[in-house]
Amino acid sequence: MSENTTENSQESSYLTDEFLNRLKALSEALESGNSGIIHGLIDEMTTLRESTLYQELGKITREIHESINAFSNDEKVAKLATESIPDAKERLNFIVTKTDEAAHKTMEGAEATMVLSDGLSDTAGSFRKRWEKFRNRQLSKEEFINLNDEIDQFFDAIDDNSRKINSKMTDIMLAQDYQDITGQMIKQVINMVQEIEDKMVRLVTISGARSAPIPEEIVDGEIAEGPQLPTADKNKVATSQGDVDDILASLGF
Amino acid sequence: MKILIVDDFSTMRRIVKNLLRDLGFNNTSEADDGQTALPMLKSGKFDFLVTDWNMPGMDGLTLLKEVRADENLKNMPVLMVTAEAKREQIVIAAQAGVNGYVVKPFTAITLKEKINKIFERLEG
């Protein structure tokens, strides 16, 4: 339907009164059989039609030219290329560095905490046997004195290690401050990508339907693609370890 | 048991290393891609390889294929720990001879399960 409408409006662009009058005259000339007039009229009509077509073509060319000029003179486009994109790259690199630092700081804290808690648990374990002997009244006086001293030291160690664990936990907590800064930066980059998207849409609109159809993506399973979005097509992507196990099981794993 | 951990992100290597230590595997080494890992594997008498897929230089799939093609390394158990989650990728890794496949993000329990499964099968 819409195609016909477009064709009709294009056709009618040269069907002016000038053209129609000649058409009428042509039909009269055909009846009278005056070949001189017939040829003259056909020539005139061809010229009329061609000149209208050239005018239309000129108009379209000018419109495209102006659109492209407007696009390339748009300061925002220039700014996107020279400032925003390099800026976004810098921000994303900063985010990579920041998250890497935070992950290492967190792991340092966790590793140190594990060592401290393992130390306490090992010492507590070493008391257990002697404590049982003490309860069964099998511990010598000398052993009891030693145990007594060690328990005193153990209380100090609990105190000391708890304070250290607490301080490590605070470090771990503070290491999470990257989320605030990187979150804001990611939002800035999202805004910039949105702006680029808008400009691209405009560019596509200018070029109209002249662009070639988008070729279907060729998928090579051997090439690493990185993480998939959680919203990915479940028929193509394993969204959990369970899915992976099912696929492997179907292959006889 | 000597284990080589290959991943381009040091944080991920550190996580895997810590989890392996928790499982009682203390003898681990690290490499940041296949190109660094391969000579280490060839000279280092490793018993087990844990590798990422997506890495600069040589990726994990290529490393796996190199290992399977090497007369001295071809029987080495290989666990892939990766974010690559497309069905066809998992199939390709399986065909290339991977012994286990863990998708990121993973839990300590998953990693433990897969490692145990690999060793059970090797012993059985």
Side-chain angles (χ1 to χ4, degrees), chain A residues 92-93 95-118 121 168 172 175-176 178 182 217-253, chain B residues 8-19 21-22 33-34 51-65 79-114 117-118 121:
Chain A
L92 291 174
N93 274 325
I95 291 165
V96 172
T97 312
K98 254 324 214 186
T99 49
D100 181 78
E101 278 172 12
H104 277 295
K105 255 193 244 172
T106 304
M107 274 187 283
E108 263 159 39
E111 282 168 13
T113 306
M114 281 175 190
V115 171
L116 292 169
S117 70
D118 280 352
S121 143
K168 291 293 168 198
I172 289 175
Q176 312 311 310
Y178 77 92
T182 58
E217 196 187 352
I218 298 161
V219 183
D220 183 349
E222 300 235 343
I223 293 169
E225 294 182 25
Q228 301 287 331
L229 280 173
T231 47
D233 182 357
K234 286 186 169 42
N235 292 318
K236 291 180 182 160
V237 173
T239 50
S240 66
Q241 185 62 41
D243 281 354
V244 176
D245 295 347
D246 288 346
I247 296 167
L248 291 177
S250 74
L251 296 168
F253 261 69
Chain B
D8 52 333
F9 277 85
S10 58
T11 44
M12 191 42 72
R13 292 200 301 270
R14 197 165 177 176
I15 290 172
V16 173
K17 192 180 165 170
N18 273 316
L19 290 173
R21 202 188 44 219
D22 256 9
D33 84 323
T51 183
D52 183 21
W53 182 329
N54 193 4
M55 294 178 288
M58 188 195 289
D59 66 34
L61 182 71
T62 314
L63 177 64
L64 171 65
K65 287 178 178 172
L79 175 69
M80 204 164 246
V81 180
T82 173
E84 303 304 321
K86 284 205 167 170
R87 236 158 236 282
E88 52 190 313
Q89 291 179 312
I90 298 163
V91 172
I92 284 171
Q95 285 164 349
V98 84
N99 299 79
Y101 198 101
V102 173
V103 276
K104 294 175 186 173
F106 58 92
T107 62
I109 297 165
T110 304
L111 190 74
K112 191 178 174 177
E113 262 176 25
K114 301 304 161 200
K117 209 173 158 189
I118 290 172
R121 210 178 291 134

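Keep in mind that the numbers below use all heavy atoms, side chains included, and drop hydrogens, waters and symmetry copies. The sequence lines fix the lettering, A, B, ..., with proteins before strands; numbering per chain opens at 1.
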Whatever's closer than 4.5 Å to a heavy atom in chain A on T11(B) counts as both
Of all of A94(B), G60(B), A96(B), which one pairs up most often with chain A through heavy atoms under 4.5 Å apart? A94(B)
With rounding to the nearest 0.5 angstrom, report the NZ to CZ distance, K117(B) to F253(A). 9.0 Å
Under 4.5 Å from any heavy atom of chain B, what part of T239(A) do you find: side chain, backbone, both or neither? neither
Choice from A110(A), A238(A), A232(A) maximising heavy atom contacts with chain B below 4.5 Å: A238(A)
For the candidates V102(B), T107(B), D59(B), which exhibits the highest count of non-hydrogen atom pairs separated by less than 4.5 Å from chain A? V102(B)
To check you understand the geometry: which heavy-atom pair defines the closest contact between V103(B) and Q241(A), and what is its length? N-OE1, 2.9 Å
Between R21(B) and E111(A), is a salt bridge (Lys or Arg N to Asp or Glu O under 4.0 Å) present by the stated rule, with each step listed? CA-CA 11 Å; R21(B) 202 188 44 219; E111(A) 282 168 13; 5.4 Å; no
Could you grab the distance from atom CD of E225(A) to atom CG of N54(B), nearest 0.5 Å is fine? 9.5 Å
Chain B heavy atoms under 4.5 Å from E101(A): which part of the residue, side chain, backbone, both or neither? neither
Cut-off 4.5 Å, heavy atoms of chain B, and the answer for N235(A) is backbone
dist E88(B):CD -> I247(A):CD1 (nearest 0.5 Å) comes out at 10.5 Å
When rounded to the nearest 0.5 angstrom, what distance separates CD in E84(B) from CD in E222(A)? 12.0 Å
In Å and rounded to the nearest 0.5 Å, what is the CG to CZ distance from D246(A) to R87(B)? 8.0 Å
Any idea which heavy atoms bring Q89(B) and A224(A) closest together, and the distance? NE2-CA, 4.0 Å
Please state whether the side chain, the backbone, both or neither of S10(B) comes within less than 4.5 Å of a heavy atom of chain A. both
Highest number of heavy-atom pairs under 4.5 Å with chain A among R121(B), R14(B), K104(B), Q95(B) belongs to R14(B)
Please flag which part of K65(B) lies under 4.5 Å from any non-hydrogen atom of chain A: side chain, backbone, both or neither. side chain
Atom pair CG (L248(A)) and NZ (K114(B)), whose distance is rounded to the nearest 0.5 Å: 8.0 Å
